[in-house]
Amino acid sequence: KNVAIHNPAGLNVEDVYKYFNDHKTLEGFPNARTVEVNKGLGFPCDVFIPAAKENSINGNNVHLLNCKILGECAALPTTPRADGVLADRGVFVVPDMCTTVAADLIHYVEWLKGLSHIRFGRMERRFEMTTKNRLLEVIEENSGKEISPHLRSLGSNGMTERDLVQTMVVDSIHKIASEVSRRAVLDNSNYRIAATTIGLEKILKVYANNGIFP
């Protein structure tokens with residue numbers, strides 16, 4: 001807590017996670033330099049990711065950052081003042097509304113599952129497995145070659161609930177990123193303003209469709 005570790009050659013994330021669980025601190029992590037958190041902000045990097053708490057990047061420490069991209073992976077980690085400084089310096093900021101959407105999507109999936117009381121993919125998985133097996137048989141018949149057991153096992157298994165959820169989340173993130181990127185170019189704005197504009201427009205559309213506003 002309240003320390004940062006640095007190794008120019010990189011850090012093994014699993015080792016760092018295990019060390020923190022065992023010692024409840026990162027101080028003393030082997031083969032890494034331990035520094036104060038604010039000093040750690042100044043290490044040069046391509047992407048800096050604040051992922052802990054809000055307002056962690058603020059007017060008092062934003063000048064220490066030495067990155068090309070800042071990816072917000074916490075709720076409101078950057079204050080408005082710091083955001084303006086980063087914009088003036090040309091640092092590309094990926095706002096939390098874009099980076100944390102995966103968690104919201106998973107919560108949405110859990111909500112849908114609670115309504116239906118059925119596991120995702122349960123109804124279509126057997127049909128999918130049968131279809132894939134038949135396709136593999138046709139390939140073998142026409143090629144005259146037998147498909148290896150490993151490839152057959154990969155091809156004949158239906159998608160699990162986890163596979164379906166991951167596919168939905170990744171597809172949604174790609175769609176959101178493309179939509180925000182296009183809007184930022186169209187409005188000549190940054191991603192935060194573009195994402196906020198899109199979100200507000202969708203809320204207003206829902207309100208209008210439900211007769212909340214005249």
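In what follows, residues are counted from 1 in the order of the sequence shown. Everything numeric here is computed off the predicted structure, so don't read it as measured data.
By the salt bridge (Lys or Arg N to Asp or Glu O under 4.0 Å) test, Lys145 pairs with no residue at all, sequence neighbours left out. Residues forming a side-chain hydrogen bond (donor to acceptor under 3.5 Å, both in side chains) with Arg134 (at least two apart in sequence, or on another chain): Glu137.
Around CG of Asn188, the count of heavy atoms belonging to other residues, nucleotides or ligands within 6.0 Å does not exceed 12. Applying the 6.0 Å contact sphere to CD of Glu141 captures more than 12 heavy atoms from other residues, nucleotides or ligands. For CG of Asn31, the number of neighbouring non-hydrogen atoms (other residues, nucleotides, ligands) closer than 6.0 Å is 12 at most.
Closest non-hydrogen pair, Leu70 versus Val91, comes out as N-CG1, 4.1 Å. Ala74 and Asp96 get closest at one heavy-atom pair: O-CB, 3.1 Å. Closest approach of Gly71 and Pro50 over heavy atoms only: O-CD, 3.4 Å. Taking both residues in full, the closest heavy atoms of Thr100 and Cys73 are given as CG2-C, 4.0 Å, listed atom of the first, atom of the second, then distance.
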Kindly indicate, with the supporting measurements, whether the criterion side-chain contact (heavy atoms from CB on, under 4.5 Å) is fulfilled by His23 and Lys18.
-> CA-CA 9 Å; His23 300 84; Lys18 184 179 184 303; over 6 Å; no
Under the side-chain contact (heavy atoms from CB on, under 4.5 Å) criterion, do Asp46 and Cys67 qualify, and how do the steps go?
-> CA-CA 5 Å; Asp46 292 325; Cys67 61; over 6 Å; no
side-chain contact (heavy atoms from CB on, under 4.5 Å) evaluation trace for Val169 with Ile106 | CA-CA 7 Å; Val169 170; Ile106 292 173; 4.1 Å; yes
Begin from the C-alpha positions of Arg33 and Asn7 and carry the test side-chain contact (heavy atoms from CB on, under 4.5 Å) through to its verdict.
-> CA-CA 6 Å; Arg33 176 187 173 193; Asn7 184 334; over 6 Å; no
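The OG1 atom of Thr196 sits 11.0 Å away from atom CD of Glu201, with the distance rounded to the nearest 0.5 Å. Remark: Glu140 CD to Leu135 CG distance equals 10.5 Å, nearest 0.5 Å. Distance CG/Asp15 to CZ/Phe20: 15.5 Å, rounded to 0.5 Å.
Between the side chain of Ser172 and the backbone N or O of Met168, at least one donor-acceptor pair lies under 3.5 Å. A donor-acceptor contact shorter than 3.5 Å is absent between the side chain of Glu27 and the backbone of Val3. Proximity of a side-chain donor or acceptor of Tyr19 to a complementary backbone N or O of Lys24 within less than 3.5 Å is not detected. Distance alone, capped at 3.5 Å, is enough to place a donor-acceptor pair between the Arg89 side chain and the Leu65 backbone. Side-chain atoms of Asn210 come within 3.5 Å of backbone atoms of Val206 as a donor-acceptor pair (strictly under, hydrogens ignored). No donor-acceptor pair under 3.5 Å is formed between the side chain of Asp187 and the backbone N or O of Ser189.
Hydrophobic clustering places Val94 together with Val180 (ILVMFWY residues linked when any side-chain heavy atoms are closer than 4.5 Å, directly or through intermediates). Connection of Ile173 to Ile49 is established within a shared hydrophobic cluster, with ILVMFWY side chains joined at heavy-atom distances below 4.5 Å, either directly or through further cluster members. Residues Ile5 and Leu41 do not share a hydrophobic cluster, clusters being chains of Ile/Leu/Val/Met/Phe/Trp/Tyr side chains in contact below 4.5 Å. With hydrophobic clusters built from ILVMFWY side chains whose heavy atoms lie under 4.5 angstrom apart, Ile198 does not share a cluster with Ile193. Under the 4.5 Å side-chain heavy-atom criterion for Ile, Leu, Val, Met, Phe, Trp and Tyr, Val35 and Leu11 are members of distinct hydrophobic clusters.
Val170 shares a hydrophobic cluster with no other residue; no ILVMFWY side chain has heavy atoms under 4.5 Å from its own.
Asp171 and Lys175 are not joined by a salt bridge, as no carboxylate oxygen comes within less than 4.0 angstrom of a charged side-chain nitrogen.
Between Glu36 and Asn38 the shortest side-chain heavy-atom distance does not fall below 4.5 Å. Residues Thr78 and Arg192 form a side-chain contact, since some pair of their non-hydrogen atoms from C-beta on lies under 4.5 Å apart. Counting heavy atoms from C-beta on, the side chains of Leu26 and Thr34 never come closer than 4.5 Å.
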N/O donor to acceptor pairs below 3.5 angstrom from side-chain atoms of residues 52-60, sequence neighbours left out:
from	atom 1	to	atom 2	distance (Å)
Ser56	OG	Lys53	O	3.3
Ser56	OG	Pro77	O	3.4
Asn58	OD1	Asn60	N	2.9
Asn58	OD1	Asn61	N	3.4
Asn58	ND2	Asn55	O	3.1

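Every pair passing ring-ring contact (aromatic ring centres under 6.0 Å, His included) that includes a residue from residues 165-192 is listed here, sequence neighbours excluded: Phe92-Tyr191. The ring-ring contact (aromatic ring centres under 6.0 Å, His included) contacts involving residues 32-65 comprise His6-Phe43, where partners must be two or more places apart or lie in separate chains.
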